[in-house]
Amino acid sequence: TLTYNGKAQDPEVKVGSRTLSQNTDYTVIYSVMNGSGNYSVLGSTPINTGNYRAELTFMGCYDGVATKEFTIAPCSIAGAIVALDEPTSLVYDGSEKTVSVSSVTLNDNILNMNVDYAVTGQLTGTNEGTYTVIITGKGNYTGTIYKTWTITKANASITSTPAPIANLIANGQAQTLVTAGSANGGTMQYAIGTNATTAPSSGWDTELPTGTNVGTYYVWYKAVGKPNYNDTASFCVQASIAVNQEEEDRKAAEAKAAAEKAAAEKAAAEKAAAEKAAAEKAAAEKAAAEKAVADKTAAGTVTTYLRSLS
């Protein structure tokens, strides 16, 4: 069996270890098998794939005749170089993309489309992904080559940047911190971070962030790519909620009044306690004095009585 190489090929004829020379040691007539299985005489040496028969007539130092059947098999295109139209990496834009095979080269020979090979597979595409073109040998060629091309994601973009809402005053309720942003090819998401340099790794949401307490808020935002789009980078904007000074002043006044009232009540209580203690002390002293007088009087009466007895 021979393999197709694009050239006329004569099978090697040997007697023992000696290779014979055509037109010196023999002449040959070639026939090719047709679709009915019959052979038809060729007027030249075989080139294309097929089943052949060689009828040899020996001459010179050799005599006699011989018949030999042989095959020229298709050549594999496995090592061929396939070129697609440039570029083979396209960027998604919503429109259908198309590629084609510009050339197939094997052993420095350019093959002919639809003669030496057929092209099938994914020659068109719209969405992001990898597409495969199939090149299949035909006629004098066999085998299959797979060639890929890609549509890459487009980059989402932020078309309206979130801005901090001005003059937020603490009121005990949650307040939206920034205005809504907008994006092309993506969905806006937000998260509150701990600083302005490192984006948070969690807590992202499509809802606008809110805050209740007084302080500075690091609001991060980005556009998360829709299908066929990449995410944007993350960015930070600072918002703040200020103290409600009027409320703080009211609370301070209430606290001061409460403190003064408590101090007055304490002073009054201490005064009442002191007066009560003084009164109790005076009563005790009076009782003691009265007792002393009573005791003295009682003692005098006893003495007089004893004298009268004597």
Side-chain angles (χ1 to χ4, degrees), residues 84 86-99 122 124-132 148-262:
L84 301 181
E86 295 293 341
T88 56
S89 181
L90 305 169
V91 179
Y92 172 82
D93 63 6
S95 66
E96 184 178 77
K97 309 296 182 184
T98 301
V99 299
Q122 299 167 308
T124 61
T126 300
N127 295 320
E128 174 268 336
T130 298
Y131 297 83
T132 302
T148 60
W149 61 284
T150 59
I151 297 177
T152 61
K153 291 182 178 182
N155 293 324
S157 61
I158 296 174
T159 56
S160 177
T161 302
I165 295 177
N167 303 319
L168 292 179
I169 303 297
N171 59 11
Q173 298 180 349
Q175 301 182 78
T176 301
L177 298 171
V178 295
T179 60
S182 60
N184 177 42
T187 301
M188 293 297 295
Q189 288 194 6
Y190 311 86
I192 296 178
T194 57
N195 56 60
T197 57
T198 304
S201 59
S202 61
W204 290 90
D205 198 279
T206 55
E207 296 294 326
L208 290 172
T210 61
T212 302
N213 297 325
V214 171
T216 299
Y217 293 83
Y218 299 98
V219 179
W220 286 82
Y221 62 93
K222 64 182 177 181
V224 177
K226 295 178 180 179
N228 296 308
Y229 287 90
N230 293 310
D231 297 352
T232 67
S234 299
F235 305 94
C236 181
V237 61
Q238 294 185 33
S240 62
I241 297 178
V243 171
N244 186 333
Q245 195 59 51
E246 182 179 337
E247 180 66 14
E248 290 299 309
D249 291 344
R250 184 187 64 79
K251 290 181 179 179
E254 289 181 351
K256 181 180 179 182
E260 290 175 348
K261 180 181 178 182

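In this text, all values refer to a predicted model and were calculated from it rather than measured experimentally.
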Shortest non-hydrogen contact between P164 and Q238, atoms and distance: CB-O, 3.3 Å
Nearest atoms (heavy-atom pairs only) where S202 meets A191: O-CB, 4.2 Å
D93, CG: over 12 other non-hydrogen atoms inside 6.0 angstrom: yes
Please tell me if the side chains of I158 and M188 come closer than 4.5 Å, counting only heavy atoms from C-beta onward. yes
Determine, step by step, whether T206 and Q189 satisfy the side chain to side chain contact (heavy atoms under 4.5 Å, CB included) criterion, reporting the C-alpha distance in whole Å, the side-chain angles of both residues, the deciding distance to 0.1 Å, and the verdict. CA-CA 4 Å; T206 55; Q189 288 194 6; 4.0 Å; yes
Apply side chain to side chain contact (heavy atoms under 4.5 Å, CB included) to residues Y131 and T124 and explain how you reach the verdict. CA-CA 8 Å; Y131 297 83; T124 61; over 6 Å; no
Verify, without hydrogens or angle tests, whether Y92 (side chain) and P227 (backbone) share a donor-acceptor contact under 3.5 angstrom. no
So, does T148 use its side chain to make a donor-acceptor pair with the main chain of T130 at under 3.5 Å? no
Given 3.5 Å as the limit, does a donor-acceptor pair link the side chain of N228 with the main chain of E128, or not? yes
Identify the two heavy atoms, one from L208 and one from A180, that lie closest to each other, and give their separation to 0.1 Å. CD2-CA, 3.8 Å
Donor-acceptor under 3.5 Å (T88 side chain, W149 main chain): no
Heavy-atom closest pair, residues G225 and A156: CA-CB, 4.4 Å
Donor-acceptor check, side chain of E96 to backbone of T126, threshold 3.5 angstrom: yes or no? no
Can you tell which of V237, I241, I165 makes a side chain to side chain contact (heavy atoms under 4.5 Å, CB included) with L177? I241
When every non-hydrogen atom of A174 is compared with those of T212, the smallest separation belongs to CA-OG1, 3.4 Å
